[in-house]
2 protein chains.
Amino acid sequence: MEKMRLNANVRAVLDVLQSAESHPTAQEVYESVRKVRPSIGVATVYRILNQLGEQGMVKVLGRESECRYDARTQRHDHAVCTECGALLDIPVEITLSNEVLARAAQAAGIRLDSHEIRIYGRCLNCDKG
Amino acid sequence: MEKMRLNANVRAVLDVLQSAESHPTAQEVYESVRKVRPSIGVATVYRILNQLGEQGMVKVLGRESECRYDARTQRHDHAVCTECGALLDIPVEITLSNEVLARAAQAAGIRLDSHEIRIYGRCLNCDKG
DNA sequence: ATGGGTGCAAATCCTTTGCATCTGC
DNA sequence: GCAGATGCAAAGGATTTGCACCCAT
């Protein structure tokens, strides 16, 4: 993992992310950054976001290029490889109390439907490298 | 939610999903189905997968069209609206014991890095409708 | 001058849509 | 015969890449 430069573009992106209330999409980041640096291009924003993600300086949510489908509709949890994106089942039932879930749902303002636990890390294959 | 037809194409798709070991992508489903029904088109497979998803007959994983970014890299959990896709923070810390997590990671064959809890449901806005 | 960073546009990938045709009832 | 289902190709949206240029070192 290479050291990261911190030039004006990068700082502008970080700035937007740090002052954001919610979780902006790349396009939203781009729009915001453009107010400060009108000449910046989308590609640069994407490049910077990716690098920040690799550095662990920002969290990237929902990076899953393709949808996956599963005929087993009962709840089950997933392990995601941060390297290759593999999506694995977690064959261990992790129990959360209904009270905790209800409280979380209420706090988030959502009518609870289901839940899922995801663990992230490197899968056996990628961990070798 | 309308009643679902169960013609040959739909049955073929269900069949592939039910006999799948992992979580196939739409393209993978398409490839497999094509072995049985060579004339089927991608669009049909996508249409069927979407309908099955709506019916709750299959789970759709990772349906998030855009990436979102977050400068707060400490762990926090998310609530996802199944209707509009809104991604909200859960302002309640949900604690999982390290042993449970370690066991899950081991079972999935992954070197644990982080984890996240996601709850799904309809957000305040969508729940009205 | 040199190498990384950049903007632009074109390309790519996954998914959806329009439309004319075909099917089953 | 009709409504819904289908295949094809084209469109769409998000992200990446190729490439020439530019800037700071």
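Numbers restart at 1 for each chain; the letters A, B, ... are given by sequence-line order, proteins then strands.
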Quick one: which protein N/O atoms are closer than 3.5 Å to N/O atoms of nucleotides 14-20 of chain C? Pair and distance per line, please.
| unit_1 | atom_1 | unit_2 | atom_2 | d |
| --- | --- | --- | --- | --- |
| C:dT15 | OP1 | A:Cys67 | N | 2.7 |
| C:dT15 | OP2 | B:Tyr46 | OH | 2.5 |
| C:dT15 | O5' | B:Tyr46 | OH | 3.4 |
| C:dT16 | OP2 | B:Asn50 | ND2 | 3.1 |

Parallel, tilted or perpendicular, as decided by the 30° and 60° cut-offs, for the rings of B:His78 and A:His23: perpendicular
Separation of atom CG in A:Leu6 from atom C1' in C:dG5, rounded to whole Å: 14 Å
Range on DNA chain D touched by chain B, heavy atoms, distance below 4.0 Å: D:dA5 to D:dT15
Nearest-angstrom distance from the residue atom CG of B:Asn7 to C1' of C:dG24: 10 Å
Interatomic distance, B:Glu31 CD vs C:dC13 P [rounded to whole Å]: 14 Å
Side-chain N or O of A:Asn9 closer than 4.0 Å to phosphate OP1/OP2 of C:dT6: yes
ILVMFWY cluster, A:Val60 and A:Val29 together (side-chain gap under 4.5 Å): yes
Pairing residues for A:His115 by the ring-ring contact (aromatic ring centres under 6.0 Å, His included) criterion, not counting sequence neighbours: none
Residues that B:Glu28 engages under side chain to side chain donor-acceptor pair (under 3.5 Å), provided they are two or more places apart: none
Option passing salt bridge (charged side-chain N to carboxylate O under 4.0 Å, His left out) with B:Asp89 (candidates B:Arg72, B:Arg75, B:Arg68, B:Arg118): B:Arg72
Pairs meeting criterion side-chain hydrogen bond (donor to acceptor under 3.5 Å, both in side chains) with involvement of residues 95-108 of chain A, two or more places apart: none
Side-chain (B:Thr82) to main-chain (B:Gly121) donor-acceptor, under 3.5 angstrom: yes
For atom OH of B:Tyr30 and atom C1' of C:dC13, their distance in whole Å: 15 Å
With B:Asn50 via side chain to side chain donor-acceptor pair (under 3.5 Å) - residues at least two apart: B:Arg63
